[in-house]
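Everything on this sheet refers to the single structure shown next.
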There are 2 protein chains.
Amino acid sequence: MALRHAVLAALLDGEYSGYQLAKIFDIAVSNFWHAVPQQLYTELTRLESEGLITGRQIIQQGRPNKRVFTVTGAGIEELERFAQTPARPGIIREDLLVMVQAVDHTSSAAVIKQLEERAETALAKVALFERTLERLRGETDEETFLREGSPIGPYLTCLRGRRFEQENYECYRSTAQLLRERAAAVEDEKGADAESATDSDAAADTDGPETP
Amino acid sequence: MALRHAVLAALLDGEYSGYQLAKIFDIAVSNFWHAVPQQLYTELTRLESEGLITGRQIIQQGRPNKRVFTVTGAGIEELERFAQTPARPGIIREDLLVMVQAVDHTSSAAVIKQLEERAETALAKVALFERTLERLRGETDEETFLREGSPIGPYLTCLRGRRFEQENYECYRSTAQLLRERAAAVEDEKGADAESATDSDAAADTDGPETP
DNA sequence: CAGCCCATGTAACGAGTTACATGATTAA
DNA sequence: TTAATCATGTAACTCGTTACATGGGCTG
């Protein structure tokens with residue numbers, strides 16, 4: 001039962017439907033929590049049945065009706081209790097870095113490509129966080145907002161999100177570049193070896209990535 | 001089926017038992033994958049039954065025997081296939097940042113304390129990654145190692161781990177400090193208000209954190 | 001008119017977590 | 001002698017993910 005608190009926290013700044021919440025989880029919340037839409041629908045139902053949130057129906061024309069939810073007093077109390085408990089250590093699972101870890105034993109071209117793609121999406125997220133930060137602070141300048149602006153919680157997590165994605169960008173970028181250069185170096189060696197000794201498996205004495 | 005690749009990748013640099021692997025997951029691998037020891041034991045059993053790793057018994061005296069595992073050819077092939085597939089988006093779950101997100105609606109003291117603790121553990125991890133990097137590159141200087149050292153995969157993930165924890169340190173540190181200052185400002189206001197108007201709930205017009 | 005956006009829900013399945021069980025050695 | 005380290009395993013349970021189901025409106 002850990003998702004519930006993330007949902008409650010995300011619902012604090014307004015009324016949202018499951019669908020809208022899924023979007024929020026995809027952008028602003030994505031840097032500290034991951035959840036697929038289905039999880040949110042079921043969690044919202046559960047939270048409502050426990051009285052931590054209340055839903056109300058919004059009749060729409062031209063598109064399906066929806067139910068939007070607000071955190072109740074009991075929900076706030078639950079968050080307060082949560083804030084008093086020791087936070088469990090963060091959980092992270094990054095397939096792409098598993099690939100990097102194993103790159104000495106696999107071909108690297110596909111991994112490099114994915115690193116470059118990820119670097120680009122990270123950059124896009126930086127821009128997105130930037131816009132969100134501007135929206136959150138409104139007319140106020142950052143220094144003043146940090147001192148007395150409100151709500152400060154979402155602002156702080158966005159700040160962290162921006163830094164995190166900036167870091168991701170630089171990291172993925174430079175990793176991709178480095179692996180590219182190393183792969184090129186191995187190719188060069190092969191070329192040189194082919195000229196000097198055309199019969200043997202010349203790359204055997206190098207530590208470069210294998211190309212099976 | 002995602003843990004398997006993380007286990008295979010971690011096993012690449014030598015023979016490890018489940019117990020040893022758990023330690024590795026706690027340090028070097030922890031910046032891109034999280035798993036509790038029990039998961040590793042069951043996954044190792046499964047991987048062995050599928051022929052992706054082989055185990056051999058080590059008889060020890062003075063302590064329990066253990067089984068250490070090595071990645072097989074089939075295991076490498078599995079990693080190669082894995083490297084060719086699109087990596088799924090990273091998964092992150094950070095309770096502490098959920099607390100920060102909700103901090104406008106809860107008391108902040110406990111959260112601040114945890115942020116400061118986390119900042120310290122992040123700093124310790126930076127030092128740990130630093131030592132691991134030195135060990136990995138041995139006599140070689142970093143520039144040379146990055147160009148032609150081996151294995152480069154673990155080195156790159158460690159580099160990223162160090163940056164990540166450095167970032168965490170700074171972020172958690174400054175967030176804690178900022179929340180501290182804001183909490184102090186609210187206390188000051190209360191004091192000033194108590195002097196000028198002793199009867200009313202004077203903090204009602206401020207945007208500062210509530211203290212329920 | 002194909003495909004995406006809005007909007008939600010149920011059910012099955014797969015993965016992750018916790019609890020429990022065992023037991024010897026060594027350091028404080 | 002209390003606790004920690006080493007070392008593994010089974011079973012129950014909770015949580016997360018995927019598949020499937022529905023259906024109108026809007027865009028290219």
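Quick caveat: nothing in here was measured; it's all calculated off a predicted structure. Residue numbers begin at 1 in each chain, while the letters A, B, ... track the order of the sequences.
No hydrogens or angles considered: nothing links the side chains of A/Glu165 and A/Thr121 as a donor-acceptor pair under 3.5 Å. The closest side-chain donor-acceptor pair between B/Glu142 and B/Tyr155 falls under 3.5 angstrom. Between the side chains of A/Arg160 and B/Asn168, at least one donor N or O sits under 3.5 Å from an acceptor N or O.
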Item to check | Contact letters for nucleotides 12-19 of chain C, in which S counts primed atoms plus P, OP1 and OP2 and B counts the base, heavy atoms under 4.0 Å | outcome: ---SSBBB
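OP1 or OP2 of C/dT8 sits under 4.0 Å from a side-chain N or O of A/Tyr41.
A search for side chain to side chain contact (heavy atoms under 4.5 Å, CB included) contacts involving B/Arg88 returns A/Asp95, not counting sequence neighbours. Annotation: side chain to side chain contact (heavy atoms under 4.5 Å, CB included) contacts of B/Ala74 (sequence neighbours excluded): B/Leu52, B/Thr72. Partners of A/Tyr16 under the ring-ring contact (aromatic ring centres under 6.0 Å, His included) rule, at least two apart in sequence or in another chain, do not exist in this structure. With sequence neighbours excluded, no residue satisfies ring-ring contact (aromatic ring centres under 6.0 Å, His included) with B/Tyr41. Under the side chain to side chain contact (heavy atoms under 4.5 Å, CB included) criterion, B/Thr70 pairs with B/Glu15, B/Thr54, sequence neighbours left out. By the ring-ring contact (aromatic ring centres under 6.0 Å, His included) test, A/Tyr169 is found to be paired with no residue, residues two or more places apart in sequence or in another chain being considered.
End-to-end axis angle of the helix from C/dC1-D/dG28 to C/dA28-D/dT1, using five pairs per end and rounding to 10°, comes to 50°.
Residue pairs meeting the salt bridge (charged side-chain N to carboxylate O under 4.0 Å, His left out) criterion with at least one partner in residues 58-77 of chain B, sequence neighbours excluded, are B/Glu48-B/Arg67. For residues 149-159 of chain A, no residue pair satisfies the salt bridge (charged side-chain N to carboxylate O under 4.0 Å, His left out) rule, not counting sequence neighbours.
Counting to the nearest Å, the C1' atom of C/dT8 and the CG atom of A/Leu40 are 12 Å from each other. Nucleotide D/dT8 holds its C1' atom 11 Å from the CG atom of B/Asn65, rounded to whole Å. Here D/dA7 presents its C1' atom at 16 Å from CZ of B/Arg56, a figure rounded to the nearest Å.
Relative to the ring axis of A/Phe129, A/Arg131 does not place its NZ or CZ within 45° and under 6.0 Å from the centre.
Of all the residues in residues 16-29 of chain B, not one reaches under 4.0 Å from DNA chain C with any non-hydrogen atom.
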Item to check | Worked check of side-chain hydrogen bond (donor to acceptor under 3.5 Å, both in side chains) between B/Gln84 and A/Thr106 | outcome: CA-CA 9 Å; B/Gln84 302 304 321; A/Thr106 67; over 6 Å; no
Under 3.5 Å, N/O pairs linking protein and nucleotides 25-28 of chain C:
{"residue": "C/dT25", "atom": "O4'", "partner": "B/Gly62", "partner atom": "O", "Å": "3.2"}

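Side chain of A/Pro64, nearest nucleotide from D/dG9, C/dT8, D/dG23: D/dG23.
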